[in-house]
Asks: 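Sending over a structure as structure tokens; questions will come in a sec.
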Amino acid sequence: MWKLARLVAASNFRRARPFSTAIPLPCIVHKRGADILHDPWFNKDTGFPLTERDRLGLRGLLPPRVISFQQQYARFMESYRSLERNTMGQPEGVVSLAKWRILNRLHDRNETLYYRVLIDNIKDFAPVIYTPTVGLVCQNYSGLFRRPRGMYFSAKDKGEMMSMIYNWPAHQVDMIVITDGSRILGLGDLGVQGIGIPIGKLDMYVAAAGINPQRVLPIMLDVGTNNKKLLEDPLYLGLRQPRLEGAEYLAIVDEFMEAVHTRWPKAIVQFEDFQAKWAFETLERYRGRFCMFNDDVQGTAGVALAGLLGTVRAQGRPLSDFSNQKIVVVGAGSAGLGVLKMAVQAVSRMSGNNETSAKKQFFVLDKDGLITKARKNLDPAAAPFAKELADVEGLREGSSLIEVVKTLKPHVLLGLSGVGGIFNEEVLKAMRGSDSPRPAIFAMSNPTMNAECTAADAFKHAGDNIVFASGSPFENVDLGNGRVGHVNQANNMYLFPGVGLGALLSGARLISDGMLQAAAECLASYMTDDEIKRGVLYPSIDSIRDITAEVGAAVLRSAVSEKLAEGHGDVGPKEMKQMSNEETVEYVRRNMWYPVYSPLVHEK
Ligand SMILES: NC(=O)c1ccc[n+]([C@@H]2O[C@H](COP(=O)([O-])OP(=O)(O)OC[C@H]3O[C@@H](n4cnc5c(N)ncnc54)[C@H](O)[C@@H]3O)[C@@H](O)[C@H]2O)c1
Ligand SMILES: O=C(O)C[C@H](O)C(=O)O
Ligand SMILES: [Mg+2]
């Protein structure tokens, strides 16, 4: 019979619970002396107790005084706060990069302390290690480079990947995030410099999902770049050749996927920031064979769907009213089309109508305006959402955004275009004519300068009663008289960590649509009616570990019910099936790694 205690003991994780008084489990280390001090996974800096210094050959390699974890923590936070004070008034980019540097130096030196400060201060630090600063870091990566992090597979490594993968020092890898750097946030092709994105995403995996940092692996697949500026930059660190295309490109990705699954058959691979054509193609190519997903297509879709359902509740309408909402999606790339696909499936499920009629309420624009069936060279990926001209009275093929908003009076305007400021004053003012008593504006493009509008502009021009969400963080807006315009962060960070965690802890063979749907539904139902009425669609990032545990449990349960779960450690699918919802959440929580100094035990 399933017993919680047994499940906990069965876990392979080096873990401890926040504020728990339990003695942390020991951690096996195969090094001694200075090698430990130079390994950020094990290093405790001045925090090594004297007995451990003796056991590990560290005596004399550190100043004699032992500093406690709490003191180290306080010292780091004081340096960070003093950097904030000292850089006040300097240009934003300079300040952001200075903050990133101080965090990155700690990451390079002492991962336990790094992840503890990250978890405890996630609201302050997420904008530094994740969007928006991570975008700036990628743009300046070749200049900022000091030490490598993760692995780099290039077109020149063809035929070598199966052996190269064994160069990674960790025996076990659970979570991989891979990019080819071809569409980094809204910043375009950044080639090898895009490695910053997998690093930032995996930091979120550790902070939000409690994945053990010794078991994460950021990957850059460098197949060249079409960014002329980078190709001409003598300091550019990637391959100086145009991107591989077609079969040559796919051969590289195929070889990588085979190599990674040969060494770690249960590792989960998250594809991130691939240009749309490869995002869709690789997803279809691998999702039936490997435990993988595309975060921009599928993670974004779940977060957007949760937000869209929230906007129905914010209008005081029942969820069944979702099928009466007119939703305009601006951007028909990997993210926009992913959102449309999942939202149409949800409407069809909720209304019982087929997908063709469920599509009626959705309208999509790309750089050439409204997409209709009359378009020449219609992108096959966008074709299922293209409108019949007869269904868009008053509009035509290629109608502009302002024409679309004025004519349709949509309930929701959702941007995933990567074009900063495209929701301009005129467009936002036109949203005042929306058929919704509570129009919703989602400016989801990243980083901040690529957001379709700012929060302040949205409330100023579209009205105080809107619901607002952005992909990158903005401050709440002061509406006067003590009223606050709440800013939501509609970012896939609320889903991908839970998707990966649930897949890992269930030992899922694949990541199915059902598992992703369960994740989205879990996020959608997380907020109370009171919060939703105040325009709060998503939890605060401060509680990201809680929501991730819930999402992880929902994903796990869905994997079990779809018979995709193969078990984790010695917890089999049968035992998982017997867990109640609460027990599943508890199982997930207890398997989340939490940074504490574990006693290190040397083994040859
Ligand atoms: N908030 C999130 O969680 C999240 C998740 C994924 C992507 N994004 C952001 O969404 C943006 C787009 O990502 P993607 O992967 O879909 O990119 P993409 O390049 O695949 O697609 C961009 C789409 O926008 C369209 N577009 C360009 N200019 C336009 C214009 N002037 N008017 C209307 N449409 C226009 C393009 O034609 C294309 O269809 C990026 O900025 C990315 O950072 C945010
Ligand atoms: O990275 C993010 O912040 C979200 C998303 O994956 C993006 O590509 O913009
Ligand atoms: Mg992305």
Side-chain angles (χ1 to χ4, degrees), residues 126-127 129-135 137-138 177-190 194 196-204 270-280 283 293-307 328-340 363-371 375 378-379 381-382 385 398-405 413-424 427 442-452 469-473 488-497 523 538 541:
I129 56 111
Y130 193 68
T131 188
T133 305
V134 71
V137 170
C138 289
V177 179
I178 180 171
T179 188
D180 69 354
S182 55
R183 191 290 272 147
I184 295 300
L185 307 177
L187 304 170
D189 180 351
L190 293 184
I197 293 292
I199 293 171
K201 293 273 172 184
L202 284 163
D203 268 356
M204 292 304 274
Q270 171 169 325
F271 278 58
E272 192 69 50
D273 288 11
F274 284 68
Q275 57 182 310
K277 66 175 178 184
W278 292 128
F280 294 129
L283 183 58
F293 69 108
N294 183 298
D295 180 40
D296 299 293
V297 180
Q298 298 167 296
T300 312
V303 167
L305 176 58
V328 170
V329 175
V330 185
S334 66
L337 295 180
V339 170
L340 281 164
F363 304 82
V364 58
L365 289 83
D366 69 358
K367 61 179 182 352
D368 300 318
L370 181 68
I371 303 182
R375 175 158 310 186
L378 178 58
D379 173 3
F385 308 101
S399 283
S400 67
L401 176 57
I402 185 68
E403 287 169 335
V404 169
V405 173
L413 186 57
L414 187 152
L416 280 162
S417 64
V419 185
I422 194 177
F423 296 172
N424 57 26
V427 169
F442 286 71
M444 288 180 70
S445 290
N446 297 315
T448 315
M449 66 178 181
N450 295 67
E452 282 76 8
S470 52
S472 296
N488 294 281
Q489 194 175 353
N491 190 293
N492 49 30
M493 69 184 179
Y494 282 115
L495 270 205
F496 72 78
L523 180 60
Y538 302 103
I541 186 168

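Just follow the structure's listing: the first ligand is 1, and inside any ligand the first atom is 1.
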Asks: Side chain, backbone, both or neither: which part of Ile197 has a heavy atom under 4.0 Å from ligand 2?
Replies: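 No part of Ile197 comes within reach of ligand 2.
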Asks: Once you round to the nearest 0.5 Å, how far does CD1 of Ile422 lie from OG of Ser417?
Replies: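 Separation between the atoms: 4.5 Å.
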Asks: Before signing off on this row, confirm whether Ile422 and ligand 1 have an N or O atom pair separated by under 3.5 Å.
Replies: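 No; every N/O pair is 3.5 Å or more apart.
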Asks: Quick one: does Ser445's side chain have a donor or acceptor within less than 3.5 Å of a partner on Glu452's backbone?
Replies: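 Looks like no, no N/O pair under 3.5 Å.
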Asks: Would Arg183 count as being in polar contact with ligand 1, using the rule that some N or O on each side must be under 3.5 angstrom apart?
Replies: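 Yes: some nitrogen or oxygen of Arg183 is under 3.5 Å from one in ligand 1.
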Asks: Could you tell me which atoms of ligand 2, counted from 1 in the order shown, lie closer than 4.0 angstrom to a heavy atom of Asn491?
Replies: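 Ligand 2 atoms under the 4.0 Å threshold to Asn491: 2 (C), 3 (O), 4 (C).
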Asks: Does Arg183 have a non-hydrogen atom less than 4.0 Å from ligand 2?
Replies: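 True for this residue.
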Asks: Under 3.5 Å between some N or O of ligand 2 and some N or O of Thr131?
Replies: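 Such a contact does not occur with ligand 2.
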Asks: By number and element, which atoms of ligand 1 are closer than 4.0 Å to a non-hydrogen atom of Ala335?
Replies: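 With Ala335 as reference, the close atoms of ligand 1 come out as 6 (C), 7 (C), 14 (P), 15 (O), 16 (O).
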Asks: Which one of Asp273, Asp296, Asp366 has a non-hydrogen atom at the shortest distance from atom 33 (C) of ligand 1?
Replies: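 Selected option, by shortest heavy-atom distance: Asp366.
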Asks: What atoms of ligand 1 come closer than 4.0 angstrom to any heavy atom of Gly333?
Replies: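 Numbered from 1, ligand 1 contributes 16 (O), 18 (P), 20 (O), 21 (O), 23 (C), 38 (C), 39 (O).
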Asks: Ignoring hydrogens and angles, tell me if any N or O in the side chain of Asn450 forms a donor-acceptor pair with the backbone of Val419 under 3.5 Å.
Replies: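 A pair under 3.5 Å: no.
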Asks: Any idea which protein heavy atom is nearest atom 1 (O) of ligand 2, and the distance to it?
Replies: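 Going by distance alone, atom 1 (O) of ligand 2 is nearest to Lys201 NZ, 3.1 Å.
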Asks: Quick one: does any side-chain atom of Gln298 pair with a main-chain N or O of Asp295 as donor and acceptor, under 3.5 Å?
Replies: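 Not confirmed, Gln298 side chain does not pair with Asp295 backbone.
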Asks: Taking atom types as modelled, is there a side-chain donor on Asn491 or Tyr538 under 3.5 Å from an acceptor on the other?
Replies: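 Side chains of Asn491 and Tyr538: no pair found under 3.5 Å.
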Asks: Under 4.0 Å from any heavy atom of Asp296, which atoms of ligand 2 are there?
Replies: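 Counting atoms of ligand 2 from 1, those under 4.0 Å from Asp296 are 5 (C), 6 (O), 7 (C), 8 (O).
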Asks: Is any N or O atom of Lys367, backbone or side chain, closer than 3.5 Å to an N or O atom of ligand 1?
Replies: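 Lys367 vs ligand 1: N/O contact under 3.5 Å present.
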Asks: Please identify which atoms of ligand 2 are closer than 4.0 Å to at least one heavy atom of Leu185.
Replies: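 By the 4.0 Å cutoff, the relevant atoms are 1 (O), 2 (C), 7 (C), 8 (O), 9 (O).
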Asks: Mark yes or no for whether Asn446, through its side chain, and Thr131, through its backbone, hold a donor-acceptor pair below 3.5 Å.
Replies: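 Side chain of Asn446 to backbone of Thr131: no pair is present.
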Asks: For ligand 1 and Ala490, I'd like to know whether there is a polar contact (N/O to N/O, distance under 3.5 Å).
Replies: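 Yes; at least one N/O pair falls below 3.5 Å.
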Asks: Indicate yes or no for a side-chain donor-acceptor contact from Ser400 to the backbone of Glu403 under 3.5 Å, with no hydrogens or angles considered.
Replies: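 Yes; at least one donor-acceptor contact below 3.5 Å.
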Asks: Which atoms from ligand 1 have a heavy atom of Val330 less than 4.0 Å away?
Replies: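 In order of number, 33 (C).
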Asks: Do Thr300 and Asn492 get their side chains close enough for a donor-acceptor pair, meaning under 3.5 Å?
Replies: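 Checked: Thr300/Asn492 side chains pair up, N/O donor to acceptor below 3.5 Å.
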Asks: Please say whether Thr300 places an N or O atom under 3.5 Å from an N or O atom belonging to ligand 1.
Replies: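 N/O-N/O distance below 3.5 Å does not exist for this pair.
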Asks: Return the set of residues passing side chain to side chain contact (heavy atoms under 4.5 Å, CB included) with Thr448 (not counting sequence neighbours), or none when no residue passes.
Replies: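 By the side chain to side chain contact (heavy atoms under 4.5 Å, CB included) rule, Thr448 matches Pro132, Ser472, Phe474.
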Asks: Enumerate the atoms of ligand 1 whose separation from the nearest heavy atom of Gly186 is less than 4.0 angstrom.
Replies: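 By the 4.0 Å cutoff, the relevant atoms are 40 (C), 41 (O), 43 (O).
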Asks: Does ligand 1 come near enough to Val419 that some N or O of the ligand is less than 3.5 Å from an N or O of the residue?
Replies: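 In this structure, Val419 places no N or O atom under 3.5 Å from an N or O of ligand 1.
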Asks: Which of the numbered atoms in ligand 1 are under 4.0 angstrom from any heavy atom belonging to Ala276?
Replies: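 Those of ligand 1 that fall under 4.0 Å from Ala276 are 20 (O).
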Asks: Can you list the protein N, O or S atoms less than 2.8 Å from the Mg ion (ligand 3)?
Replies: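 Metal shell, protein only: Glu272 OE2, Asp273 OD1, Asp296 OD1.
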Asks: Judging by distance only, is a nitrogen or oxygen of Gly471 under 3.5 angstrom from one on ligand 1?
Replies: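 Checking ligand 1 against Gly471, no N or O pair falls under 3.5 Å apart.
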Asks: State whether the side chain of Ser182 and the backbone N or O of Gln275 hold a donor-acceptor pair below 3.5 Å, judged by distance alone.
Replies: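 Yes.
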Asks: State whether Asp379 and Lys277 are salt-bridged, where the test is any N-O pair (Lys NZ or Arg NE/NH1/NH2 against Asp/Glu carboxylate O) under 4.0 Å.
Replies: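 No, this pair does not count.
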Asks: For atom 41 (O) of ligand 1, state which one of Ile371, Asn446, Leu337, Asn450 supplies the nearest heavy atom.
Replies: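 Minimum heavy-atom distance to atom 41 (O) of ligand 1 goes to Asn446.
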